[in-house]
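No experiment lies behind these values; they were computed from the predicted model shown. Naming convention: chains lettered A, B, ... in sequence-line order (proteins, then strands); numbering from 1 in each chain.
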2 protein chains.
Amino acid sequence: MSVERRYKDATYGQFARIGKAVAHPKRLEILDLLCQGPRSVEVLAGEAGLGIASTSQHLKVLKEARLLEAEKNGLFVTYRLADEAVCAFFRNMRSLAEARLAEVEQITRRFLDGREGMEPVGARELLQRVREDRVTVLDVRPAEEYRSGHIVGALSIPLRELKARIKEVPRGHQIVAYCRGPYCVLAVQAVETLRKAGLKAVRLREGYPDWRAAGMPVEVTESSEISRGKRRVQR
Amino acid sequence: MSVERRYKDATYGQFARIGKAVAHPKRLEILDLLCQGPRSVEVLAGEAGLGIASTSQHLKVLKEARLLEAEKNGLFVTYRLADEAVCAFFRNMRSLAEARLAEVEQITRRFLDGREGMEPVGARELLQRVREDRVTVLDVRPAEEYRSGHIVGALSIPLRELKARIKEVPRGHQIVAYCRGPYCVLAVQAVETLRKAGLKAVRLREGYPDWRAAGMPVEVTESSEISRGKRRVQR
DNA sequence: CTAATATTCAATCGATTTGTAGAATAGTAA
DNA sequence: TTACTATTCTACAAATCGATTGAATATTAG
């Protein structure tokens with residue numbers, strides 16, 4: 001085996017470390033969750049519907065591929081994406097799957113079957129309405145994810161609190177709910193809940209990472225209180 | 001298991017089809033080769049150092065993930081990338097590996113050890129020199145790849161013919177040799193050969209797909225004769 | 001110091017992936 | 001029609017992957 005062949009095998013072997021890391025559905029779900037912000041093992045396990053040990057193993061694989069970093073805080077280990085490029089890569093991979101695998105749309109259509117009027121609005125359209133101050137933007141992800149970053153001016157009411165806090169939703173404008181991305185179900189469920197309460201609501205197709213990657217205005221809330229108060233606007 | 005959980009599992013399962021397809025080093029090498037243009041099984045096997053049966057199996061996996069398309073021509077089956085987005089995805093994955101895995105650079109440094117002055121020039125620098133008509137651009141990939149697309153104005157002499165055809169290389173300007181990409185060894189070897197023949201030569205860091213993706217001028221030669229004749233310039 | 005909690009590790013088992021060898025299939029030349 | 005060529009398929013063995021279970025480790029509260 002020549003030096004050149006050995007070099008190529010070694011190089012592609014390195015590239016394959018990335019491929020192997022993203023070859024399991026649960027690791028992809030974990031990456032999607034971490035695109036929203038850092039989380040602990042326990043929370044990731046709960047969100048992904050996995051056992052703690054299994055989640056820990058998947059996190060280990062992603063960490064060994066240098067896609068994640070871990071930080072210990074007392075009992076808890078917080079995992080975060082090692083680089084924004086990891087989220088960009090995940091989104092690229094998702095786009096490729098959307099474009100190439102007809103099953104992706106079929107699965108989504110089957111899921112939305114029976115849920116009337118779930119046609120989403122696009123990010124550009126939402127941005128226009130936001131600028132005209134004609135919508136209420138509602139972030140229905142868990143509060144931690146809102147804190148890590150959200151659409152500028154968005155109100156935060158996590159889905160699991162929406163029924164209880166429905167009175168907090170302004171009634172003057174149409175509500176646009178958003179969550180983690182095109183395949184997240186939180187916004188779908190939020191729209192159903194809002195409509196049941198008599199509010200005019202639709203959902204945003206994109207999630208927060210897509211909005212941010214498109215260079216649209218975002219903000220980060222550092223306070224533990226969820227509010228509309230603007231602390232720092234990011235580009 | 002809820003409807004939502006089932007929907008998520010199904011969706012990430014689809015995304016993972018892409019991940020699984022790119023989880024093996026040889027499939028990545030095959031993708032890299034196909035970024036240069038369509039090839040037959042036999043040629044891909046030869047280039048990747050694989051058996052025919054093994055190559056066929058890997059191609060089958062990539063085809064099942066809808067990343068490749070196949071076309072039969074008599075005895076030969078020609079495989080091609082299903083979409084330019086597949087090449088973009090491969091390049092994105094390679095960039096992520098470069099950024100995140102220190103081993104990538106280490107392996108390259110080790111390979112280049114002992115080969116003096118292999119510092120490559122960048123695409124922008126080359127474009128500047130091309131515009132000033134101060135270089136000879138030499139494509140040292142196999143002729144089929146040159147035909148599928150090459151840097152505008154590039155001369156084609158496949159590496160394996162370079163020694164025999166060294167007289168054809170113009171001596172007036174510095175020569176910049178290029179091949180498939182940053183981890184391809186053809187340009188490295190070409191520069192060594194050219195320098196041995198007394199010519200001033202360096203290599204381009206990027207490969208043809210990178211050059212094209214950056215929107216730099218390319219052309220396609222449809223004739224079976226390798227020449228500088230411009231047939232159709234692509235954007 | 002002990003108990004509780006969060007997380008990781010190791011062993012096990014079943015499932016999946018991969019390379020090889022030989023057979024099978026499809027197309028073409030003689 | 002037969003022989004040759006390119007490619008795919010199948011069976012098999014070996015390697016790898018993934019979920020589970022229970023043990024081990026680290027940290028903190030009491």
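Contact between the side-chain N/O atoms of A:His24 and the OP1/OP2 oxygens of C:dT16 is not found at any separation under 4.0 Å. Side-chain N/O atoms of A:Tyr79 include none lying less than 4.0 angstrom from OP1 or OP2 on C:dA6. Remark: B:His58 is in phosphate contact with C:dG19, judged by side-chain N or O atoms under 4.0 Å from OP1 or OP2.
Across all non-hydrogen atoms, the minimal contact from B:Ala65 to B:Ile18 is O-CD1, 4.0 Å.
Side-chain contact check for B:Asp32 and A:Tyr12: at least one donor-acceptor pair (N or O, by modelled atom type) lies under 3.5 Å. A donor-acceptor pair shorter than 3.5 Å can be found between the side chains of A:Thr108 and B:Tyr7. Using modelled atom types and a 3.5 Å distance limit, the side chains of A:Arg17 and A:Gln14 yield a donor-acceptor pair.
Considering only side-chain atoms of A:Ser54, the nucleotide from D:dA19, D:dT8, D:dG18 that sits closest is D:dA19. Of the candidates D:dT7, C:dT7, D:dA19, D:dT7 carries the atom nearest the B:Val77 side chain, counting heavy atoms from C-beta on. When each of C:dC9, C:dA6, C:dG22 is scored by its nearest atom to the side-chain atoms of B:Ala53, the top-ranked nucleotide is C:dG22.
The residue A:Gly74 sits close only to the backbone: its heavy atoms come under 4.0 Å of sugar-phosphate atoms, none of a base. Residue-level contact check: A:Ser40 touches the backbone only, with heavy atoms under 4.0 Å from sugar-phosphate atoms and none from bases. Residue contacts shown for A:Lys60 are limited to sugar-phosphate atoms, with no base heavy atom under 4.0 Å away.
In this structure, A:Leu44 atom CG and C:dT7 atom C1' are separated by 13 Å, rounded to whole Å. Going from atom CD of B:Glu71 over to atom P of C:dA26 covers 19 Å, rounded to whole Å. For the pair A:Gln57 CD and D:dT20 P, the computed distance is 10 Å after rounding to whole Å. Protein atom CZ of A:Arg39 is 17 Å distant from nucleotide atom C1' of C:dT7, rounded to whole Å. In this structure, CD of B:Glu64 is placed 12 Å from P of D:dT8, rounded to the nearest angstrom. Across the protein-nucleic acid pair, B:Lys72 atom NZ and C:dA26 atom P stand 8 Å apart, rounded to whole Å. When the C1' atom of D:dT28 is taken as reference, atom CZ of A:Phe76 falls 11 Å away, rounded to whole Å. Rounded to an integer number of Å, the gap from NZ of A:Lys20 to C1' of D:dG18 is 15 Å.
The residue among A:Leu75 and B:Val43 whose nearest nucleotide of DNA chain D is located toward the 5' end is B:Val43. Between A:Lys26 and A:Asn73, it is A:Lys26 whose nearest contact on DNA chain D lies nearer the 5' terminus.
A salt bridge between B:Arg5 and B:Asp9 is present, with a side-chain N of the basic residue lying under 4.0 Å from a carboxylate O of the acidic one.
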